[in-house]
S.K.: 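One structure coming up, written as structure tokens, with questions to follow.
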Amino acid sequence: MSTGNFIKDIIDQDNRTGKWSGRVATRFPPEPNGFLHIGHAKSICLNFSLAEQYSGTCNLRFDDTNPVKEEQQYIDSIKEDVAWLGFDWQDREYYASDYFGRMYQCAVELIKKGKAYVDDISQEKIKEYRGTFTEPGKESPCRDRVIEENLDLFERMKNGEFNDGEKVLRAKIDMASPNLNMRDPVIYRILHASHPRTGDEWCIYPMYDFAHCLEDSIEKITHSICTLEFEDHRPLYDWFLEELGLHHPQQIEFARLNISYSVLSKRRLGILVSENMVDGWDDPRMPTISGLRRRGYTAASIRDFALRIGVAKANSTVDAALLEHCVREELNKTADRVFAVLDPLKVVITNYPEDKTEYFEVENNPEDPASGTRKLQFGRELYIEREDFMETPPKKFFRLAPGRESRLKSAYYITCNEVIKDSNGIIEELHCTYDPESRGGDTADRRKVSGTLHWIYAGSALNVTVRQYDRLFNRENPDGADDFRECINPDSLTVNDKCMAECSLKDIDPGKRVQFFRHGYYIADIKDSVKGRPVFNRIVSLKDTWAKIVKKEGA
RNA sequence: UGGGGAGUCGCCAAACGGCAAGGCACCGCCCUUUGGAGGCGGCAUUUGCAGGUUCGAAUCCUGCCUCCCCAGCCA
């Protein structure tokens with residue numbers, strides 16, 4: 001795999017021409033105003049992997065230029081998430097706020113060059129004067145202020161002599177530019193807000209366009225990778241660095257990630273949390289890194305996903321099935337199999353001695369011989385999956401049915417003889433007989449049986465709670481709906497506390513992933529599992545051919 | 001309608017003038033003590049459309065169409 005992408009093409013060419021003397025320096029620059037999601041993971045993987053592949057560096061830089069939105073808790077969670085994803089920024093943990101002094105000096109220099117001015121007009125006026133897509137803007141009356149006055153005013157802005165919004169510093173570029181970003185953009189605003197890191201040291205803060213290019217420049221970044229919506233800002237990025245005569249990284253834009261059946265914007269994700277449609281930012285249904293982690297996704301599978309989706313400039317929506325495929329592929333190789341009956345149906349083996357039990361050796365993971373085996377207790381009364389039995393089975397159903405013989409995985413063949421129902425006609429239990437010759441799950445005559453079922457010995461069954469998670473949305477493109485809340489999947493979470501599992505699960509370590517045989521991959525929830533009483537989250541189901549058949553045959 | 005981008009299989013995505021990779025999904029078959037996994041095979045005579053250049057075009061030229069982004073003192 002691993003075909004190229006246009007960013008590698010650019011880097012390769014730069015290396016050929018010696019543009020950066022073979023150096024590659026990228027950065028992941030999150031604003032600490034929320035939790036990271038899978039879209040950020042794409043960017044993280046991209047930036048760190050590129051650095052790795054070209055023996056370069058990737059900085060973790062917090063773009064903390066707006067204290068009214070940023071919080072320390074987000075800084076902490078971002079660091080946790082990036083590290084969990086498997087990337088190491090070593091000692092290169094930077095903060096835009098560490099550069100505030102230098103940025104201020106750059107602004108002063110711009111003023112001295114006559115390339116920036118302090119504007120007194122109101123926010124409304126600025127907006128009005130900006131013009132429209134088709135009409136040029138108008139110049140502010142303050143635009144021609146003399147340099148000395150600008151210098152004085154800007155210093156006083158810094159010194160806190162003005163209220164929020166009273167004045168701004170603007171770059172003096174071109175009010176008639178067809179690119180609205182170039183119509184004298186605001187580069188500093190007054191914000192009497194306490195900053196998570198600089199406290200009350202500053203009351204003026206740089207705007208993104210001014211700050212970001214300087215951050216990149218100061219860190220000697222070579223390739224500044226960002227998303228498509230910043231394409232229009234590139235001329236500004238270039239303008240500042242050009243005017244200031246500073247190290248000038250190349251900004252490269254790529255398409256942000258979208259995933260079907262999901263929303264991936266901080267705003268919408270925030271609504272899900274604040275309106276309690278999910279249980280916090282790390283709800284296992286959330287596409288946040290913390291949510292995916294809690295759901296049971298592995299860092300490796302997310303990295304693999306990022307690799308497979310590629311990088312390009314075309315807006316796209318990746319099939320949610322790909323993410324699921326990535327985690328299945330990994331867990332198939334690494335997760336031990338265990339038996340868990342989600343919807344128990346009692347089976348009595350009528351020809352099996354009342355007081356006898358025995359143990360069967362069961363392989364932990366057929367994909368991994370090194371995983372060894374475990375012993376499972378077997379006895380007269382068992383539980384099997386209710387859906388593994390049908391009284392009147394359709395054509396393609398090959399599991400247990402009256403008169404039919406099925407294999408209990410690694411144990412015996414059993415034949416169903418009698419169906420016991422309650423007064424409502426609900427099946428209460430099955431009476432079966434076993435074939436002693438089938439010990440271990442095989443017979444000398446190699447006869448075919450209908451299906452291999454997992455089972456639990458009733459005498460040692462462990463009752464566990466299982467949370468069956470499904471896609472959060474039942475519509476492929478929730479963003480396309482009038483209100484994305486309307487397409488929330490009402491069945492995105494089903495809590496099942498009637499499950500019976502093998503008793504070895506009693507002391508499973510929270511955070512450990514297993515395959516519930518024939519069902520899917522599950523993780524012992526890190527938050528809600530208590531000693532001796534694990535709670536499992538379904539990470540992803542196994543591919544279900546039978547479900548597909550049922551669906552196709554149309555109920 | 002100004003500016004900036006993008007259109008290659010259902011969904012991603014390669015291909016850089018030489019004869020349309022790969023992955024996911026889907027469909028067959030084989031295998032299977034997981035209806036899982038695995039194996040094999042099938043899945044774009046054609047690259048938004050229309051012209052043109054060329055021995056040869058997804059790649060170059062012309063025109064058109066569609067979609068996305070931009071008028072925060074957010075990033």
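Just the heavy atoms: all of them, side chains too, but no hydrogens, waters or symmetry mates, feed the values below. In the text below, chain A, chain B and the rest are named by the order of the sequence lines, each starting its count at 1.
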S.K.: Answer with base, sugar-phosphate or nothing: what part of the nucleic acid does A/L180 contact at a heavy-atom distance below 4.0 Å?
M.R.: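 The answer is base, as A/L180 lies within the cut-off (heavy atoms under 4.0 Å) of a base atom.
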S.K.: Would you write the dot-bracket representation of RNA chain B, where each base gets (, ), [, ], | or . depending on whether it forms a Watson-Crick or G-U pair under 3.5 Å and with which partner?
M.R.: .((((((..(((.....[...))).(((((.......))))).....(((((..]....))))))))))).....
S.K.: Nearest 0.5 angstrom please: A/M500 CE to A/W455 CH2, how far?
M.R.: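 Rounded to the nearest 0.5 Å, the CE-CH2 separation comes to 15.0 Å.
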S.K.: Could you tell me whether the phosphate oxygens of B/A13, OP1 or OP2, come under 4.0 Å of any side-chain nitrogen or oxygen in A/S316?
M.R.: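 Looking at the OP1 and OP2 atoms of B/A13, one of them is under 4.0 Å from a side-chain N or O of A/S316.
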S.K.: Please identify each residue that fulfils side-chain contact (heavy atoms from CB on, under 4.5 Å) with A/E128, with sequence neighbours left out.
M.R.: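 Checked A/E128 against side-chain contact (heavy atoms from CB on, under 4.5 Å); matches are A/K125.
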S.K.: Side-chain N or O of A/H454 less than 4.0 angstrom from OP1 or OP2 on B/U34?
M.R.: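 No, outside the criterion.
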S.K.: Under 4.0 Å: is that the gap between some side-chain N or O of A/R189 and OP1 or OP2 of B/A75?
M.R.: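 So the side chain of A/R189 is within the cut-off, an N or O lying under 4.0 Å from OP1 or OP2 of B/A75.
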S.K.: If I take atom CG in residue A/L542 and atom C1' in nucleotide B/A37, what distance separates them, rounded to the nearest angstrom?
M.R.: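 Those two atoms, CG and C1', are 9 Å apart.
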S.K.: Ignoring hydrogens and angles, state whether a donor on the side chain of A/T298 or A/E330 is under 3.5 Å from an acceptor on the partner side chain.
M.R.: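 The answer is yes; a qualifying pair exists.
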S.K.: By nearest nucleotide on RNA chain B, pick out whichever of A/P178 and A/N365 is the more 5' one.
M.R.: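 Per heavy-atom nearest nucleotide, the more 5' residue is A/P178.
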S.K.: What contact category does A/I549 fall into here, base, sugar-phosphate, or nothing, at under 4.0 angstrom with non-hydrogen atoms?
M.R.: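 Base contact.
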S.K.: Under the rule for ring-ring contact (aromatic ring centres under 6.0 Å, His included), what residues qualify as partners of A/Y434, not counting sequence neighbours?
M.R.: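 With sequence neighbours excluded, A/Y434 shows a ring-ring contact (aromatic ring centres under 6.0 Å, His included) to A/Y352, A/Y412, given in chain and number order.
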S.K.: Hey, is A/F517 doing a stacking thing with B/U34, by the 5.5 Å centroid and 30° angle criteria?
M.R.: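 Yes; centroid distance and tilt both under limits.
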S.K.: Roughly how far, to the nearest 0.5 Å, is the CG atom of A/L307 from the CZ atom of A/R303?
M.R.: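 Going from the CZ atom of A/R303 to the CG atom of A/L307 covers 10.5 Å.
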S.K.: I'd like to check, for A/Y208, whether its ring lies over the base of B/A75 with centroids under 5.5 Å apart and a plane angle smaller than 30°.
M.R.: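 Check failed, A/Y208 does not stack on base of B/A75.
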S.K.: Assess whether salt bridge (charged side-chain N to carboxylate O under 4.0 Å, His left out) is satisfied between A/D63 and A/R27, documenting all intermediate values.
M.R.: CA-CA 11 Å; A/D63 202 4; A/R27 100 267 96 116; over 6 Å; no
S.K.: Among B/C68, B/G28, B/C16, find the nucleotide with the atom closest to the side chain of A/D9.
M.R.: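 In terms of side-chain proximity for A/D9, the closest of B/C68, B/G28, B/C16 is B/C16.
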S.K.: Of all the choices, B/C73, B/U34, B/G28, which nucleotide is nearest to the side chain of A/I126 once you look at every atom?
M.R.: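 Nearest to the side chain of A/I126 among the choices is B/C73.
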S.K.: Using whole Å, report how far NZ of A/K313 lies from P of B/C67.
M.R.: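 Distance, rounded to whole Å: 21 Å.
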S.K.: Closer than 4.0 Å, any side-chain N/O of A/R518 to the OP1 or OP2 of B/G35?
M.R.: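 For B/G35, OP1 or OP2 has a side-chain N or O of A/R518 closer than 4.0 Å.
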S.K.: Return each pair, listed once, that meets salt bridge (charged side-chain N to carboxylate O under 4.0 Å, His left out) where at least one residue sits in residues 130-141 of chain A; pairs must be two or more places apart or across chains.
M.R.: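 Applying salt bridge (charged side-chain N to carboxylate O under 4.0 Å, His left out) to every pair that reaches into residues 130-141 of chain A, excluding sequence neighbours, yields A/E139-A/R143.
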S.K.: Any Lys/Arg nitrogen of A/E166 or A/R189 sitting under 4.0 Å from an Asp/Glu carboxylate oxygen of the other?
M.R.: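 Here A/E166 does not pair with A/R189 in a salt bridge, since their nearest N and O are not under 4.0 Å apart.
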S.K.: Please name all residues satisfying side-chain contact (heavy atoms from CB on, under 4.5 Å) with A/I302, sequence neighbours left out, ordered by chain then number.
M.R.: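 Per chain and number, A/I302 pairs via side-chain contact (heavy atoms from CB on, under 4.5 Å) with A/I38, A/A41, A/W84, A/L85, A/L292, A/Y297.
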S.K.: In this structure, how many angstroms lie between the P atom of B/G35 and the NZ atom of A/K551, rounded?
M.R.: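 These atoms are roughly 20 Å apart.
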S.K.: Specify the residues of residues 223-240 of chain A, ordered by number, for which at least one heavy atom lies under 4.0 angstrom from an atom of RNA chain B.
M.R.: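 Heavy-atom contacts with RNA chain B come from A/E229, A/F230, A/E231, A/D232, A/H233.
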S.K.: Any base atoms under 4.0 Å from A/T317, or only sugar-phosphate, or nothing? Heavy atoms, all strands.
M.R.: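 Touches sugar-phosphate only.
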S.K.: Assign A/P29 to base, sugar-phosphate, or nothing according to its heavy-atom contacts below 4.0 angstrom with the strands shown.
M.R.: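 Since no nucleic acid heavy atom lies under 4.0 Å of A/P29, the category is nothing.
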S.K.: Under 4.0 Å from OP1 or OP2 of B/C26: is there any side-chain N or O of A/K548 that close?
M.R.: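 Checking B/C26 against A/K548, a side-chain N or O does come within under 4.0 Å of OP1 or OP2.
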S.K.: Restricting to pairs with a member in residues 362-372 of chain A, which pass salt bridge (charged side-chain N to carboxylate O under 4.0 Å, His left out), not counting sequence neighbours?
M.R.: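 Sorted result for residues 362-372 of chain A: A/E363-A/K409.
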S.K.: Round to the nearest Å and state the distance from A/I302 atom CD1 to B/C24 atom P.
M.R.: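 Between P of B/C24 and CD1 of A/I302: 19 Å.
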S.K.: What's A/Q515 touching, base or sugar-phosphate or nothing? Going by heavy atoms closer than 4.0 Å.
M.R.: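 Touches a base.
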S.K.: For a quick check of understanding: with a heavy-atom distance under 4.0 Å over all strands, which category does A/V311 fall into, base, sugar-phosphate or nothing?
M.R.: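 The residue A/V311 makes sugar-phosphate contact but no base contact.
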S.K.: Any idea if B/G72 is syn or anti, going by the 90°-from-0 cut?
M.R.: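 Because its glycosidic torsion lies within 90° of 0, B/G72 adopts the syn conformation.
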S.K.: Please state how far atom CD in A/E124 lies from atom P in B/G72, giving the value in whole angstrom units.
M.R.: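 Rounded to the whole Å, the gap is 11 Å.
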S.K.: Using the P atom in both, what is the distance from B/G10 to B/U54, to the nearest Å?
M.R.: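 To the nearest whole Å, 34 Å.
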S.K.: Using the six-membered ring of A/Y413, assess whether NZ or CZ of A/R407 lies under 6.0 Å from its centre and within 45 degrees of the ring axis.
M.R.: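 Checked: cation-pi criterion not met.
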S.K.: Where each residue is assigned the nucleotide of RNA chain B containing its nearest heavy atom, which of A/V318 and A/A321 is assigned the position nearer the 5′ end?
M.R.: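 Looking at RNA chain B, the more 5' nearest nucleotide goes with A/V318.
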S.K.: If I take atom CZ in residue A/R328 and atom C1' in nucleotide B/G23, what distance separates them, rounded to the nearest angstrom?
M.R.: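 In whole Å, B/G23 C1' and A/R328 CZ are 15 Å from each other.
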S.K.: Over all strands shown, is A/S122 touching base, sugar-phosphate only, or nothing at heavy-atom distances under 4.0 angstrom?
M.R.: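 Result for A/S122 = base.
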S.K.: Is the positively charged end of A/R170 above the ring of A/Y117, judged by distance under 6.0 angstrom from the centroid and angle within 45° of the axis?
M.R.: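 Not satisfied by the 6.0 Å and 45° rule.
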S.K.: For B/C73, does either OP1 or OP2 sit under 4.0 Å from a side-chain N or O belonging to A/R130?
M.R.: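 A/R130 to B/C73 OP1/OP2: side-chain N or O found under 4.0 Å.
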S.K.: If I take atom CG in residue A/D319 and atom C1' in nucleotide B/G22, what distance separates them, rounded to the nearest angstrom?
M.R.: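 So the two atoms are 16 Å apart, to the nearest Å.
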S.K.: Go through the structure and list residues passing side-chain contact (heavy atoms from CB on, under 4.5 Å) with A/D388, not counting sequence neighbours.
M.R.: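 Listed in chain order: A/E385, A/R399, A/L453, A/H454, A/R518.
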S.K.: Could you please name the option among B/A25, B/U1, B/U34 that lies closest to any side-chain atom of A/K543?
M.R.: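 From the listed options, B/A25 comes nearest.
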S.K.: Quick test of your reading: applying ring pair (Phe, Tyr, Trp, His ring centres under 6.0 Å), list the pairs with at least one residue in residues 153-183 of chain A, sequence neighbours left out, ordered by first then second residue.
M.R.: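 Found A/Y104-A/F154, A/F154-A/Y188.
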S.K.: Can A/F100 and A/Y205 be said to form a ring pair (Phe, Tyr, Trp, His ring centres under 6.0 Å), step by step?
M.R.: CA-CA 8 Å; A/F100 282 170; A/Y205 293 91; 5.6 Å; yes
S.K.: Heavy atom of residues 252-264 of chain A under 4.0 Å from RNA chain B: which residues?
M.R.: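 Residues of residues 252-264 of chain A under 4.0 Å from RNA chain B: none.
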S.K.: NA contact type, A/K127, heavy-atom cut-off 4.0 Å: base, sugar-phosphate, or nothing?
M.R.: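 Counting heavy atoms under 4.0 Å across all strands, the contact made by A/K127 is with sugar-phosphate only.
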S.K.: Is there a donor and acceptor pair closer than 3.5 Å between the side chain of A/R308 and the base of B/G22?
M.R.: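 Flag unset: no donor-acceptor pair detected.
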S.K.: Please enumerate all residues that pass side-chain contact (heavy atoms from CB on, under 4.5 Å) together with A/K115, with sequence neighbours excluded.
M.R.: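 If we apply the side-chain contact (heavy atoms from CB on, under 4.5 Å) test to A/K115, skipping adjacent residues, the hits are A/L110, A/K113, A/W239, A/E243.
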S.K.: Taking atom P of B/G2 as reference, at what distance in whole Å does atom CZ of A/R183 sit?
M.R.: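 Atom-to-atom, A/R183 to B/G2, this comes out as 13 Å.
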S.K.: Which part of the nucleic acid, if any, lies within reach of A/I121 when heavy atoms closer than 4.0 Å are counted: base, sugar-phosphate only, or nothing?
M.R.: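 Here A/I121 touches the bases of the nucleic acid.
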S.K.: In residues 59-66 of chain A, what residues come within less than 4.0 Å of RNA chain B, judged by heavy atoms?
M.R.: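 A/D63, A/T65, A/N66, in order of number.
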S.K.: Out of B/U34, B/G35, B/G2, which nucleotide sits closest to the side chain of A/R337?
M.R.: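 Looking only at heavy atoms from C-beta outward on A/R337, the closest nucleotide is B/U34.
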S.K.: Would you name the heavy atoms of A/A501 and A/L505 that are closest together and state the gap between them?
M.R.: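 Nearest pair, atom of A/A501 first, then A/L505: CB-CD2, 3.6 Å.
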